[in-house]
Undergrad: 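So that we are looking at the same thing, I have put the structure below in structure tokens.
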Amino acid sequence: MLLDKNIDVGDVSEGIAIIKHRLCNKKVLLVLDDVDKQDQLQKLAGDRNWFGPGSKIIITTRDKRLLTARGIDSIYQIEELDDQESLELFCWNAFKRREPNAGYEDISMCAIHQAKNLTLVLEIIGSNLYGKQIDEWEYTLDKYENIPNKEIHNILRISYDSLDYTEKQIFLDIACFFKGMSFESCKEVLSACNFYPDYGKLFFKNHHYSLANAVDYGSMQDALQVLTEDTGSDKIEGIMLQLPNEEKVYWNGEAFEKMKNLRILMVENAYFSPHPKHLPNSLRVLDWKNYPALTLPMDFHPEKLVVLNLPDSRFKFQESFRFKKYEFLIYMDFSYCISLKEVPDMSGIPNLVELHLDHCSNLVKVHDSVGFLNKLVKFSAKYCYSLYSFPPSIHSTALEYLNLRKCFLLVKFPNILEKMKKIRFIDVGGTEIEELPSSFKNLVGIEALHMVQCSNLRVLPSGFLMLQNLKELDMRGCPNIRKSFGTFKGDDQVDPSALEFNESSNILHLVSLNVQECDLLDEDVLIILSCFPKLEKLNLAENKFEILPECIKELIYLESLELNSCFNLKEITKVPPHLQYISAMGCLSLTTESSNVLLNQGLNEIQNLTILADRDEIPEWFDHRSEGGSLSFLVRTKFPVIALCAVLGAMSIFFQLQLSLLVNGIKVYGFEATFSVKSVETIWMHDLRAHISPQQWKNLDTYLRNDWNLVEVSFTMSTGTVNWCGVHVYKKETNMEDVLFTIPDLPNIFNETIVEPMENPQVTTYGNTSMQQQQDSTLIKPQDQNWTKSYSYRNMVGFSGRQQNHDTSIDGI
């Protein structure tokens, strides 16, 4: 409207002059969409004074650098759609409504996951599936998995074609070989390929693409064919052969000889026979699980190799083998190589960052040079049962992670030659280590130390007290370690009556302490409680003390306390005010009064409270009790805040406990627990909110559709019986006029529902051998499928219990 219809522009300069002349006094809204070159901005909106006061310019681009280079006033990065938003967009195209049609819920979720939450892909797939039956959906989605839709491919190809050569190489390497990895994990590979990793990082920071839909290098079968038919050439730069199932592959072993430019070789689930006779020296990544040979080819000398991973293989280093100068090599993994007996001199790999030797059951010796690798960040040799020769000293100041768990023959911990500020985690559990060196104090950065079942460990060094960053200490099964607690107070012979609880007296700032099965006596427990007032988790299970000191009430941060199988424990008079988890199963000497102290914690109405203890009856203060494994009550207006309770019959074998919560006949909460416990009758008390998010808790109210609504609770056991069950209402958060435990005759308010169990639950372990919880299985919204929550009790140790991603800039003039 501002320009003549048939204006003739001779060149760029004339066009710029026309824009300035026609628009400099006009207030305009200018939208520049999908800008991908700097000169486009220069020619169409080169300066603010081209346009009148109050004008707005909106620019969309995939390259954030174009915006920052122009000094844009405001940049907004569009976020990806989440699953719910993706489902809604997909449904508008597939069903012409907000939600899936009945019976299409699961397959709709499969479709949006295949689309990777990309808006254009969601629209195309949804439109293509509109009006089709489920069997046609299944066929179409399976086809998309193997043969990309042409329309989708063309859309994504536009983004790819806009890249320069280096950007395309970076994109293809990451999309085809390193998808899902952090950029830091693959930048050294890019550097060894002369792809300028810093530029690559900037490129992926400022460009937004779906790596899942990158240009395809070829199917696995194509790669297999190249190797078995020996049709390779020097044009091949990368091979990834990750077969879905284990498969025997027969070839002549010569295929790699022609691949002079092969940079990346990744093999999994393919068992080659015979072993490779050649490997290209051009390799930067050799990642071959089940590598078939005992050694690498004699002529293999890859000077720019970055990754050498040969896990679960027959591989071993030959005698007198020594790494030559490999300056680029940073990752090595020989886990599960049962033929590996020695790790050779590694001084020729000065930049090694990670070394994994886990489950090398015949590994005997690790060369001393490993202790002097200055760039080494992670070293793991757990479950190396034969390892007894380990570097006597560690000089690796970059080290963050050291794991020597279950190295049964290891008797000495290495000397720490310098202060290690970056160390975070050490596990020497299950070793034969007898003492920690005085230089242990140099581990100044350590946050977590695990020494589980170090039965020969006699005492902690005095320098141990200087580890101010230590937050987690696990000394389970160290019976001799109790002698060290006296030294925490400066005297091996401590008078318990002289101890005072004072936060300033603490030496370490421990948050989690596990001293299960350490033969602790009363004076030991008293010292622990007085030294570590900031504890949040404390495990005192399987010890010999008789009284839980009253000063434990001063541990105001303590949330979890385990006392299981403390057979001598008789008396508990106080517990911390904010304790959320208490497990005291198998405490056979505990008095009824002390048991009541634990259970009465429920009267404090602490959120997320869980209690396990030996008890044969429901506490009298529970609002409703019922013999057997089920009870019912009525609610209205708002779902009440409640704690549930069950008395489980004495058991001595594995059994499962299942809890179901129904509202008006609809199952809204599921729970499953596995017990391995030899105990008298056990009471289990559980705040229903303990494993439910606030939003999910609110969803319970959506089931209250009547004036009065029937709530049913049922417990069942795979073996044995539930003797009693009960419910307690939290009075501070519930109007008791909306809860009724005497149920009159009511009309039918039930709705039938089909309950389907949850598949592939996630498992989280609480404490050392505590409850295993499946966190994804809490509540069901009215329109969702039903889920089941699961826990596991073990060893009587408690209740463990969007689219194109355009950067949008608004430049206000």
Side-chain angles (χ1 to χ4, degrees), residues 177-181 185-186 189 220 223-224 227-228 238-251 253 255-256 262 264-280 283-297 300 302 305-319 321 323 326 329-344 346 349 352-367 370 376 378-387 401-409 427 430:
F177 299 106
F178 309 122
K179 185 177 68 177
M181 294 172 57
S185 299
C186 60
V189 177
M220 295 297 171
L224 197 58
L227 296 176
T228 56
I239 293 178
M240 175 184 282
L241 183 61
Q242 293 181 333
L243 303 178
N245 300 300
E246 294 182 355
E247 183 176 333
K248 193 78 171 179
V249 178
Y250 297 96
W251 65 330
F256 292 120
L262 188 68
I264 300 171
L265 176 59
M266 305 174 76
V267 181
E268 187 174 347
N269 284 338
Y271 294 81
F272 281 82
S273 180
H275 59 74
K277 299 175 182 178
H278 304 281
L279 285 172
L283 279 176
R284 272 64 164 179
V285 175
L286 175 56
D287 189 345
W288 192 328
K289 186 178 180 181
N290 303 118
Y291 179 74
L294 288 172
T295 62
L296 295 169
F300 182 54
L305 189 67
V306 177
V307 177
L308 178 58
N309 292 343
L310 302 175
D312 206 6
S313 303
R314 300 175 60 209
F315 176 80
K316 66 177 181 178
F317 294 105
Q318 296 295 319
E319 291 185 17
F321 178 90
F323 278 99
Y326 285 96
L329 188 54
I330 58 174
Y331 299 108
M332 299 178 70
D333 186 355
F334 301 108
S335 299
Y336 293 92
C337 289
I338 59 175
S339 299
L340 188 63
K341 294 184 178 181
E342 289 192 19
V343 173
M346 290 196 169
I349 318 175
L352 191 65
V353 174
E354 291 190 17
L355 177 58
H356 298 266
L357 302 167
D358 301 335
H359 295 273
C360 294
S361 54
N362 292 307
L363 179 65
V364 173
K365 180 179 180 180
V366 174
H367 195 273
V370 172
L376 191 65
K378 185 173 184 178
F379 178 88
S380 184
K382 60 187 178 184
Y383 301 102
C384 293
Y385 304 126
S386 304
L387 180 63
Y401 178 97
L402 175 63
N403 197 333
L404 299 170
R405 186 180 186 190
K406 298 290 185 180
C407 294
F408 293 137
L409 302 183
D427 190 341

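Numbers for residues simply follow the sequence, beginning at 1.
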Undergrad: Please report the interatomic distance CG(N245) to CG(N269), rounded to the nearest 0.5 Å.
TA: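 Answer for the CG-CG pair, N245 versus N269, is 7.0 Å.
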Undergrad: Less than 6.0 Å separating the ring centroids of F315 and F334?
TA: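 Yes.
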Undergrad: With sequence neighbours excluded, tell me which residues meet salt bridge (Lys or Arg N to Asp or Glu O under 4.0 Å) with K277.
TA: E254
Undergrad: Measuring from L262:CG to I239:CD1, what's the distance to the nearest 0.5 Å?
TA: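 Answer for the CG-CD1 pair, L262 versus I239, is 5.0 Å.
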Undergrad: Could you check if a side-chain atom of L286 sits within less than 4.5 angstrom of a side-chain atom of F300, using non-hydrogen atoms only?
TA: yes
Undergrad: Would you indicate whether the side-chain heavy atoms of V370 and L376 approach each other to under 4.5 Å?
TA: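 In contact.
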Undergrad: Sequence neighbours excluded and cut-off under 3.5 Å, please list the side-chain donor-acceptor pairs for residues 354-361, or say none.
TA:
unit_1: E354; atom_1: OE1; unit_2: H356; atom_2: NE2; d: 2.9
unit_1: D358; atom_1: OD1; unit_2: S380; atom_2: OG; d: 2.6
unit_1: D358; atom_1: OD1; unit_2: A381; atom_2: N; d: 3.4
unit_1: D358; atom_1: OD1; unit_2: K382; atom_2: N; d: 3.1
unit_1: D358; atom_1: OD2; unit_2: S380; atom_2: OG; d: 3.3
unit_1: H359; atom_1: NE2; unit_2: Y336; atom_2: OH; d: 3.3

Undergrad: Go through L265 and L283 one step at a time and tell me if the side chain to side chain contact (heavy atoms under 4.5 Å, CB included) criterion holds.
TA: CA-CA 7 Å; L265 176 59; L283 279 176; 3.9 Å; yes
Undergrad: Measure across L224 and E247 and return the closest heavy-atom pair with its distance rounded to 0.1 Å.
TA: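 So the minimum-distance heavy-atom pair works out to CD2-OE2, 3.8 Å.
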Undergrad: Can you confirm whether I338 is buried at CD1, in the sense that more than 12 heavy atoms of other residues, nucleotides or ligands lie under 6.0 Å from that atom?
TA: no
Undergrad: Any chance you could measure L340, atom CG, to K316, atom NZ, to the nearest 0.5 Å?
TA: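 Going from the CG atom of L340 to the NZ atom of K316 covers 9.5 Å.
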Undergrad: Can you see whether Y271 has K248 sitting over its ring - NZ or CZ less than 6.0 Å from the centre and within 45° of the normal?
TA: no
Undergrad: Output yes when a side-chain donor or acceptor of W251 lies under 3.5 Å from a complementary backbone atom of P274, and no otherwise.
TA: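 Between the backbone of P274 and the side chain of W251 there is a qualifying donor-acceptor contact (under 3.5 Å).
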Undergrad: Can you check whether P292's main-chain N or O pairs, donor with acceptor, with R314's side chain at less than 3.5 Å?
TA: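 The answer is yes, because a donor-acceptor pair under 3.5 Å joins these two groups.
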Undergrad: Can you confirm whether W288 sits close enough to F272 that some side-chain heavy atom of one is under 4.5 Å from a side-chain heavy atom of the other?
TA: yes
Undergrad: Heavy atoms only: give me the nearest P276-P297 pair and the separation to one decimal.
TA: O-CG, 4.0 Å
Undergrad: Run Y331 and L352 through side chain to side chain contact (heavy atoms under 4.5 Å, CB included) and show every step you take.
TA: CA-CA 6 Å; Y331 299 108; L352 191 65; 5.9 Å; no
Undergrad: Going through the checks in order, is the side chain to side chain contact (heavy atoms under 4.5 Å, CB included) test met by L243 and L241?
TA: CA-CA 6 Å; L243 303 178; L241 183 61; 3.6 Å; yes
Undergrad: For A255 and L227, work out which heavy atoms get closest and say how close.
TA: CB-O, 3.6 Å
Undergrad: How far does CZ of F408 sit from OG of S386, to the nearest 0.5 angstrom?
TA: 10.5 Å
Undergrad: State, yes or no, whether a side-chain contact exists between F317 and T295 at a heavy-atom distance under 4.5 Å.
TA: no
Undergrad: Can you give me the closest heavy-atom contact between I349 and M332, atom names plus distance?
TA: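 Nearest heavy atoms, I349 then M332: CD1-SD, 3.8 Å.
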Undergrad: Going by heavy atoms in the side chains, are V364 and L387 under 4.5 Å from each other?
TA: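 Sidechains of L387 and V364: no contact.
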Undergrad: Give the table of side-chain donor-acceptor pairs shorter than 3.5 Å for residues 306-313, with sequence neighbours excluded, one pair per line with atom names and distance.
TA:
unit_1: N309; atom_1: OD1; unit_2: D333; atom_2: N; d: 3.2
unit_1: S313; atom_1: OG; unit_2: N290; atom_2: N; d: 3.3
unit_1: S313; atom_1: OG; unit_2: Y291; atom_2: N; d: 2.8
unit_1: S313; atom_1: OG; unit_2: L310; atom_2: O; d: 3.0
unit_1: S313; atom_1: OG; unit_2: P311; atom_2: O; d: 3.0

Undergrad: Check the pair L363 / V343 against side chain to side chain contact (heavy atoms under 4.5 Å, CB included), numbers first and verdict last.
TA: CA-CA 8 Å; L363 179 65; V343 173; 4.0 Å; yes
